[in-house]
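Read the structure below first, then the notes.
Values reported hereafter were calculated over all heavy atoms of this structure, with side chains retained and with hydrogens, waters and symmetry mates removed.
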Amino acid sequence: MRGLRRWWDDTAGGLPATFWYLWSGLLVNRAGAFAMLFLSLYLTAARGASESLAGAVVGAYGAGGAVGTLLGGVLADRWGRRATLLAAHLGAAGLMIALAFSRQLAVIALLAGLVGVLHSMPSPAFVAAIVDVVPEERRSRAFNLQFWAFNLGMAVASLLAGVLAEASFLALFLVDAATTLAAAAVIAWKVPETLARRRAEAEDPPATAGRTTGPEPRRPRLGAARAGRGGERRPGLHTALTDRVFLVFVGLTFVLAVLTMQTSTIMPLAMRADGLSPSAYGAVVALGGVLIVLGQLFVPRLIEPYRKATVLSVSTGLMALGFAALAFAHDLPFYLGAAVVWTVGSMLAAPPNAQINADLAPPELRARYQSVFYLTFPAASFVAPALGGVSLQHLGERHWLIVGGLGVVAAVGHLLAGPPRERRVAAQRAARADPAESVTAGR
């Protein structure tokens with residue numbers, strides 16, 4: 001019993017109530033986000049669209065997601081986290097109802113693009129709010145729980161989607177809208193605006209609260225020194241897009257995302273070429289989901305003693321090994337074994353990946369940095385199938401060796417990029433402790 005209590009404390013202890021309401025909102029949101037999973041089937045089966053037209057409409061949803069990611073980051077830093085989350089959820093629910101009753105394909109395509117925007121807007125705001133309210137030493141467990149909730153919600157959504165789609169496509173969209181409204185209700189009822197509190201803390205940090213020698217000098221922001229030398233531009237989205245240390249990390253995350261996307265884009269084609277049925281593919285995907293749901297809560301205690309760069313290097317290496325092994329896979333047991341390896345890698349990578357992203361972002365640009373980071377996923381969802389399909393067609397099983405090699409390069413990259421990241425984070429912490437040193441934080 002004592003061991004179980006200690007495990008729970010290491011996994012979920014010490015997290016503020018606001019985090020748990022955010023976590024609940026995310027879980028409800030993901031568990032109900034199933035209508036778009038069946039969008040292509042809905043278009044072809046219920047609206048008579050061709051496969052190519054259905055693909056174009058789904059592509060509009062993806063393009064909207066890229067726009068929504070950046071828009072959500074900017075709005076979360078300007079409007080606030082809570083305001084952005086509520087606007088995105090309420091807007092998405094309304095659009096989902098409109099989709100349920102739309103009949104013209106042009107209107108459906110337009111609505112799908114707008115839904116893509118609003119579905120992607122909450123991601124930067126969710127993470128920025130978590131960083132706002134969770135102390136730095138507990139963020140790893142918070143991000144681990146966030147990843148677990150996301151995957152648990154997606155697993156529930158996948159199960160519910162199949163049942164509802166068989167019963168009624170109208171019900172599919174309306175229940176999705178209802179769960180989105182439920183998530184909005186949780187946020188409206190229990191989640192305060194964290195941006196305002198963070199701004200107050202930035203203006204009156206605890207370390208200087210007892211000083212009476214005069215007004216606290218305003219702390220320069222990351223990129224402010226650079227902007228000052230140029231004399232014009234204020235820190236904003238461009239700061240994240242020109243932050244070299246951060247962009248190296250984003251690039252390595254993009255490689256990890258490309259590896260992850262293999263499971264939903266290229267692996268089904270390889271399994272079909274090996275004569276395996278769709279149910280076999282479903283078994284491989286389900287195994288990954290079960291492993292995450294059952295095992296993710298044990299990850300924080302496992303990785304806590306190690307440097308983040310080391311954990312990311314090992315986890316990316318495991319993913320590389322799992323996908324490279326598919327070059328030799330021809331039956332279901334081999335695919336299942338490989339899935340175990342790459343799923344363990346993705347489980348280990350989730351907490352440090354999110355925490356590094358949070359650590360590198362200056363507080364006043366936190367959501368903007370999150371939005372640039374989250375762009376890696378729609379980008380990977382385009383690159384992985386576009387290049388992977390050509391590679392599999394012309395190179396066959398050697399495609400998986402190339403994927404594995406790409407993962408090895410990223411694993412080495414994390415080891416090389418780790419020290420500069422750690423120096424940046426240490427400088428930013430020193431800047432918060434001593435505002436006079438803050439100009440060095442962006443170097």
Side-chain angles (χ1 to χ4, degrees), residues 28-69 71-72 87-123 153-184 261 263-269 272 277-279 281-282 285-286 377-382 384-386 388-389:
V28 172
N29 178 286
R30 288 295 91 196
F34 38 65
M36 305 312 285
L37 297 175
F38 277 70
L39 180 61
S40 58
L41 179 62
Y42 166 72
L43 291 169
T44 53
R47 294 289 167 256
S50 64
E51 285 81 359
S52 59
L53 182 56
V57 175
V58 174
Y61 174 79
V67 174
T69 298
L71 181 62
H89 282 77
L90 294 174
L95 289 174
M96 200 62 65
I97 294 172
L99 264 175
F101 295 101
S102 296
R103 297 293 181 265
Q104 296 181 350
L105 289 174
V107 174
I108 293 174
L110 175 62
L111 292 174
L114 294 175
V115 169
V117 173
L118 293 175
H119 272 183
S120 296
M121 279 176 56
S123 295
M154 289 299 293
V156 173
S158 299
L159 293 173
L160 292 178
V163 175
L164 286 172
E166 289 185 3
S168 166
F169 281 116
L170 178 63
L172 190 72
F173 288 103
L174 293 181
V175 174
D176 191 317
T179 56
T180 304
L181 287 174
M261 289 294 174
T263 59
S264 60
T265 57
I266 306 303
M267 189 181 71
L269 302 177
R272 185 176 64 180
S277 66
S279 62
Y281 169 68
V285 174
F377 301 103
S381 68
F382 170 77

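Within the structure, the ring-ring contact (aromatic ring centres under 6.0 Å, His included) test picks out the following pairs touching residues 95-119 (sequence neighbours left out): Tyr61-His119. Applying the side-chain hydrogen bond (donor to acceptor under 3.5 Å, both in side chains) test to residues at least two apart or on different chains, none of the pairs has a partner in residues 94-109.
Between Ala183 and Val28 the shortest heavy-atom distance is N-CG1, 3.9 Å. The two residues Ala92 and Thr180 make their nearest non-hydrogen contact at CB-CG2, 4.2 Å. When all heavy atoms of Ala88 and Pro122 are compared, the closest pair comes out as CB-CG, 3.7 Å.
We find the CG-CD1 distance between Leu181 and Ile97 to be 6.5 Å, quoted to the nearest 0.5 Å. Rounding to the nearest 0.5 Å places CG of Leu172 at 8.5 Å from CE of Met96. Here the CG-CG distance, from Leu99 to Leu170, works out to 11.5 Å after rounding to the nearest 0.5 Å.
Checked against Met121 for a side chain to side chain contact (heavy atoms under 4.5 Å, CB included), the options Val67, Leu71, Thr69 give a single hit: Leu71. Considering Leu110, Leu39, Leu111 as possible partners of Val57, the one that fulfils the side chain to side chain contact (heavy atoms under 4.5 Å, CB included) test is Leu39.
Every side-chain contact (heavy atoms from CB on, under 4.5 Å) that Leu105 has, sequence neighbours left out, goes to Leu43, Arg47, Ala49, Leu53, Ile108.
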- request: Could you give me the CA-CA distance, side-chain angles and deciding distance for Thr179 and Asn29, then say whether side-chain contact (heavy atoms from CB on, under 4.5 Å) is met?
  value: CA-CA 6 Å; Thr179 56; Asn29 178 286; over 6 Å; no
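Checked by atom type and distance alone, the side chain of Ser120 pairs as donor or acceptor with a backbone atom of Gly65 at under 3.5 Å.
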